[in-house]
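Everything on this sheet refers to the single structure shown next.
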Amino acid sequence: MSPTARFRALPLRSRLALLVTVAVALAVAAVACVSWFMVRTQLNDQLNSSLRSTNAQAQASQTLTGLGCREKAPGPWENNLSAPVQIVLPTGGRCWVDGKNTLPVTDYDLEVAKGLRGAVLYDGKTTDGTPVRVYTQPVELSAGPAAQKSIAAISVAKPLSDITEPLSTLAWVLVFVSGVGILGAGVAGLWVARTGLRPVDELTGAVEHIARTEDLTVRIPDEGDDEIARLSRSFNSMTAALASSQERQAQLIADAGHELRTPLTSLRTNIELLARSEETGRAIPPEDRRELLASVKAQMTELASLIGDLQELSRPDAAAPGPLGVVALHEIAGTALSRARLRGPELDFDSDLAPWYVRGEAAALERAVVNVLDNAVKFSPPGSTVTVSLRAGELTVRDRGPGIPADDLPHVFERFWRSPSARALPGSGLGLSIVARTVQRAGGTAALRAPADGGPGTEAVLSIPGAPAPPPAQSSVVPDQ
């Protein structure tokens, strides 16, 4: 398994803690390295400045006039300084000036002593192997006031331990501090990951509980405005929507079962009577037989209508029965009105349909208008008038029936709801639900209200926003020339 795969296999909490630790470790390492190099540069600069500030000319003159020229250090008991100072002659010889030991003469020293180059700084070692930093510069030598002056070089050295020891101590301190920082970062990363992912753990627990028990009433605390709170609120909204959908589904099944029971019971009774007549050989009077068959046919029609309504209501809003397009609402209303006249031959229909185009599905809109007109036909007394008008996108259908009590108006668009006065009439209680759903899909609203003139009956109002009228179809007939 590759390192990337192994990393992805770790729990999210461990990955977050590891990433925090690595990030802090890199930052601490970078700061430690930069600090160490900056301190080393500063110490080197200070050591070089200290070497350059040595009064080499005075020391050289004092050596030649006072102590004479010694090739080696006289011994540690005569001088307690550890930094050697010596004069380098152009011939390659040397004269000890100060320190416990002397320095080997290098090519750099000879070039300076011969005047071939200026002062030079370099790393070297004393004769006993001690690492030092050496600064060699040119000097003028004279044996006395009247003596002729000559050019030589003087080398001053200081031990590199003045730099390496503090740097070594600093390195150990930085390693210790970095280790403590990285360890603390790991602990802090675990704490941050545990604290930050606690809402995720709660969400995971809630999802597992719902999957195990199908209990959609579980809610997660959603305090705050951060991403976790938004996720919690989204999850709570999702479970609430699922619970509502589940409740509506259960209610639909219960209502459908209740509505199906009556026609099924009647149908079963009539079929049993016909079957018993055949089994016993006792013929049913022709008139009664015709009534039984008519009842069976009516019950079958009612069952087919109820099943069709259930299929329509069970379809999701996103799954429209057909493509949306610009349709003529006045033509749809005219077609539905023609069907209503056939169902209510004893009624008068007064229509005023102004042209109006809407965006919707023609078949669904026609069924919605038919359902509204069927209600008007159902509740209108014989000889009365049903008024249908279409003005500025508002389709109004008024009957002259008993009307709907004000307390029942908020419930008329609910599934399977039927007013007490309509329970004896045929129907499933789904027609107005389909009307409201179809009109809403077209971007409009549906409402029932009492007539504005205070007269009898009910007004059904369908308000649908308009759409640009389609261009007229071009004729393919070529005019005579």
Side-chain angles (χ1 to χ4, degrees), residues 1-31 178 180-256 310-321 323-324 359 410 413-415 433 436-445 465:
M1 183 181 295
S2 64
T4 302
R6 286 197 295 269
F7 176 77
R8 292 178 178 176
L10 293 175
L12 179 59
R13 184 181 292 105
S14 300
R15 280 184 281 170
L16 287 176
L18 183 59
L19 288 175
V20 170
T21 304
V22 171
V24 172
L26 292 176
V28 170
V31 171
S178 301
V180 173
I182 294 172
L183 181 61
V187 175
L190 286 174
W191 179 80
V192 170
R194 186 181 300 274
T195 303
L197 294 178
R198 183 176 295 114
V200 179
D201 292 336
E202 294 177 356
L203 180 62
T204 303
V207 172
E208 292 175 348
H209 174 77
I210 292 174
R212 185 174 59 256
T213 64
E214 298 185 1
D215 180 13
L216 296 176
T217 61
V218 177
R219 295 293 180 269
I220 300 176
D222 55 359
E223 295 84 3
D225 296 324
D226 56 4
E227 290 77 3
I228 298 298
R230 290 173 53 195
L231 177 61
S232 299
R233 284 192 289 271
S234 300
F235 178 80
N236 291 338
S237 300
M238 181 190 68
T239 54
L242 288 175
S244 177
S245 176
Q246 189 180 57
E247 183 179 356
R248 289 196 302 269
Q249 182 181 15
Q251 185 64 37
L252 177 63
I253 294 174
D255 292 340
L310 289 174
Q311 289 177 338
E312 174 67 22
L313 288 177
S314 65
R315 183 183 296 113
D317 292 337
L324 298 181
R359 184 172 297 277
F413 293 105
E414 296 177 3
R415 297 175 181 177
S433 297
R437 178 185 175 128
T438 302
V439 172
Q440 289 174 359
R441 186 182 296 148
T445 58

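Everything quoted here is computed from the prediction, not taken from an experiment.
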Residues two or more places apart in sequence or in another chain: which of them pass side chain to side chain contact (heavy atoms under 4.5 Å, CB included) with [X]?
X    : value
R233 : D222, D225, A229, R230
V187 : none
L242 : L216, M238
V24  : V20, V28, A185

My understanding is that only residues two or more places apart in sequence, or in another chain, count here; which of them pass side chain to side chain donor-acceptor pair (under 3.5 Å) with S237?
none
Under the rule for side chain to side chain donor-acceptor pair (under 3.5 Å), what residues qualify as partners of S178, not counting sequence neighbours?
none
Atom of G443, atom of P465 and distance for their closest heavy-atom approach:
O-CD, 3.3 Å
